[in-house]
Number of protein chains: 2
Amino acid sequence: MTNIKKVSELAGVSTATVSRTLKDPDLVSPQTREKVMVAVQQAGYRPNWMATSVKTGKSNSIVVLVPNLVNPFFMRIIEGIEQAAQEKGYSVLLGDTQGSASREHEYASMLLTNRADGLIQLDHSFPFSQDDAHLVGNLPVVSVCERIEGDKKYPVIELDNYAAARAVTHHLISYGHRSFGVIAGQISSQIHHDRLAGIKSVLAEEGIVFDEAMLVGGSYKIETGVEGVQQLLTRAQPPTAIICFNDDIAIGALYAIKKHGLRVPQDISVTGFDNVRVAAYMDPPLTTVDQPAYQMGRRAVEVLIQQINRQPLTRTREILPFSLLERQSTGPVSKPNQH
Amino acid sequence: MTNIKKVSELAGVSTATVSRTLKDPDLVSPQTREKVMVAVQQAGYRPNWMATSVKTGKSNSIVVLVPNLVNPFFMRIIEGIEQAAQEKGYSVLLGDTQGSASREHEYASMLLTNRADGLIQLDHSFPFSQDDAHLVGNLPVVSVCERIEGDKKYPVIELDNYAAARAVTHHLISYGHRSFGVIAGQISSQIHHDRLAGIKSVLAEEGIVFDEAMLVGGSYKIETGVEGVQQLLTRAQPPTAIICFNDDIAIGALYAIKKHGLRVPQDISVTGFDNVRVAAYMDPPLTTVDQPAYQMGRRAVEVLIQQINRQPLTRTREILPFSLLERQSTGPVSKPNQH
DNA sequence: AACCTGACTGTAATCGATTACATATAGTCA
DNA sequence: TGACTATATGTAATCGATTACAGTCAGGTT
């Protein structure tokens, strides 16, 4: 590797001058600048990133903790993160945690070893290990979608899940539905509680009691949707509308419902969350809640970099707008509840 | 930040001893080790990653260049990359290029600045800029799926696209199809040529002439499938089978065909490539070529690390097995070509 | 002529580690 | 006891940059 020393010798100047030529050319006379640039070219010199980082104490990298990479919704967020980071001169270290706490800890500890300047968490767990917890002072951390558990208050970019769930429920109620099934994703998260609370609040207003037996599921997977429908259809009074907590679940639900010989939306209406790319091309196209995933990723980076630069945060919670996309997987109840 | 100096003072030893305690404890007496560990704990010391990297000359990071993140097939590969990297003590820098050459150059130059030790390319372009090209000696680079263009021969982990395309075509021929449409992805790639050649070879053997007007498309997107079908259906003799070069295209094709009031597979058979997660849950479930994406990612990392460690490569081209998944989007021709 | 200023460049300290080399101490053996 | 060895630790050089500080020199001012 060619280093700054070689270049300085080649140009017949000191290393300081080389460094200045590259970092702050105005400090160097045009003649010297020229000499140095020639030497740089000739030697094919590129400053060693690690050396610069040691000196400046900044890595210009951020870690992104993501439970898995197969969920297209996460990828939209990460796309936003990546592009905003790139624009601001940061690079993104990908931390696929597979939901494992120890992997989270490992990645989170990158902040403590100066390997990364900040962390974006897409899951809801406190990312640091118990051993590290007392060291994390106010390390730059932002969460997207989920609020981070624990005492420390980290800024969060999220959706108004309560309102979104209310909107979905209202939409279905307006079609005359009164019997609802819910296929949930990860149960232990704030999102889950908010959405469920949103649904129940509307039902309460309509005087409908939500039967807890109508709540199934437990992870954001297609298979959860398939199994969820199987369970719901064995109930004495199957629901006429099924609210799925993401589009993958909804895709599984569509599949299972049709497999049972029932039609969507004539027999059962189905809704999702996220508006993944394929949602609009399902048969029928999926009614779902659009989340500005890309934008959420971008905002997360902006807020994170604010923290990194020790700028005061204007607020610790940012709620981005959703929109309910009414497609063809929802429709009027055809046969009224025989109950 | 607590550094090694502080810890050494706290423990009453030299920095060398602290470093040895953490890196090679056998060199240190049990008593001193104990003292140091206590000091490390108390100070909450974590070695500065950047400093270690400067000294060792290794970053233990790899860059992954990916044209976009929304393609779930890429994400399966990256998942494999990420996990293999993690196991081997490497971390992954995500380089979303959006197909832009300058972004590729920027990310690729991380190898020249010691920011990363190796690079995995998921696209087909030579990732370095012209300026850098003479510097890249034998920097560790591996490509997955696509062969990298240019003179330099980089190892590649790929699928036997020719054979896979032949298998798909044979499958359709066995159902009696004789009139084929093809909706292609990125035209300028090796994959494209291999697959097209595979299809044509089978057709030639069957004495079928491939009508070049039946080749449409140009990018790996759902919309390409939708538009592709629209074009193909305006042909004087619409095809009875459509081969799509990835599942996203196929999903768009299914959607468009049904929108035209035709049935799959009764009127038109459709096939994809990749076997993305949703493929099995389409209506009808998609016949597609399964690629071992996760495994390809893992292998790429292994081969890359071999290069990083300057171990000789046993071979520069590795072809992983595909399997044709026959689902319900393909079936016998119902109405024989009226031709 | 003496002094000052500003532009440019070099010397050397520094970032936070690792490690070659030197040194000290205790233990072993003839 | 003296020589030798092994073990443990410290000193200081080193990785490849950045930058505070100091020095040089030309030109301008009084």
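Here is the naming used below: chain letters follow the sequence lines, and residue numbers restart at 1 for every chain. Note that the structure is predicted; figures quoted are calculated from it, not measured. In what follows, every heavy atom counts, from backbone to side chain, and hydrogens, waters and symmetry copies are set aside.
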Mind checking what makes salt bridge (Lys or Arg N to Asp or Glu O under 4.0 Å) contact with A:R46, not counting sequence neighbours? B:D132
Taking every heavy atom of B:A43 against every heavy atom of B:T2, the minimum-distance pair comes out as O-CG2, 3.3 Å
Separation of B:D26 atom CG from D:dT9 atom C1', in whole Å? 16 Å
With a 3.5 Å distance limit and no angle check, can you tell me whether B:D117 reaches the backbone of B:S59 through a side-chain donor-acceptor pair? yes
What protein N or O atoms touch nucleotides 16-20 of chain C N or O atoms at under 3.5 angstrom, if any, and at what distances?
from   : atom 1 : to    : atom 2 : distance (Å)
C:dG16 : OP2    : B:N3  : ND2    : 3.4
C:dA17 : OP1    : B:Y45 : OH     : 2.9
C:dA17 : OP1    : B:N48 : N      : 2.3
C:dA17 : OP2    : B:I4  : N      : 2.6
C:dA17 : O5'    : B:Y45 : OH     : 3.2
C:dT18 : OP2    : B:S19 : OG     : 2.4

Name of the residue among A:R315, A:E318, A:Q307 meeting side-chain contact (heavy atoms from CB on, under 4.5 Å) with A:P155: A:Q307
Distances for protein N/O vs nucleotides 5-7 of chain C N/O pairs under 3.5 angstrom?
none

Residues passing the ring pair (Phe, Tyr, Trp, His ring centres under 6.0 Å) test with B:H124, sequence neighbours excluded, are none
Through what angle, rounded to 10 degrees, does the axis of the helix from C:dA1-D:dT30 to C:dA30-D:dT1 turn between its ends, using five pairs per end? 60°
Identify whether the distance between the nearest side-chain nitrogen and carboxylate oxygen of A:R298 and A:E87 falls below 4.0 Å. yes
In B/S/- notation (B base, S sugar-phosphate only, - none; protein heavy atoms under 4.0 Å), nucleotides 23-28 of chain D written 5' to 3' is ------
Rounded to whole angstrom units, what separation is found between the CG atom of B:L27 and the P atom of D:dT9? 10 Å
Apply side-chain contact (heavy atoms from CB on, under 4.5 Å) to A:M110 and B:W49, showing your working. CA-CA 8 Å; A:M110 286 180 166; B:W49 170 267; over 6 Å; no
Where the side chain of A:V28 is defined as all heavy atoms beyond and including C-beta, which of C:dG10, D:dT9, C:dT9 is the nearest nucleotide? C:dT9
Got B:V66 and B:D123 here, is their nearest side-chain heavy-atom distance under 4.5 Å? no
Table please: side-chain donor-acceptor pairs of residues 137-146 of chain B below 3.5 Å, with sequence neighbours left out.
from   : atom 1 : to     : atom 2 : distance (Å)
B:S143 : OG     : B:E146 : O      : 2.7

When the distance from NZ of A:K35 to C1' of C:dC8 is rounded to whole Å, what number comes out? 11 Å
Pairs: protein N or O with nucleotides 24-28 of chain C N or O, under 3.5 Å:
none

Pairs where residues 11-24 of chain A contributes a residue and the test salt bridge (charged side-chain N to carboxylate O under 4.0 Å, His left out) is met, not counting sequence neighbours: none
Keeping to residues at least two apart or across chains, list the salt bridge (charged side-chain N to carboxylate O under 4.0 Å, His left out) pairs with something in residues 56-72 of chain B. none
Looking at every heavy atom in both A:T17 and A:V36, which two are closest together, and how far apart are they? CG2-CG2, 4.3 Å
Go through the structure and list residues passing salt bridge (Lys or Arg N to Asp or Glu O under 4.0 Å) with B:E79, not counting sequence neighbours. none
Return each pair, listed once, that meets salt bridge (charged side-chain N to carboxylate O under 4.0 Å, His left out) where at least one residue sits in residues 300-313 of chain A; pairs must be two or more places apart or across chains. A:R299-A:E302
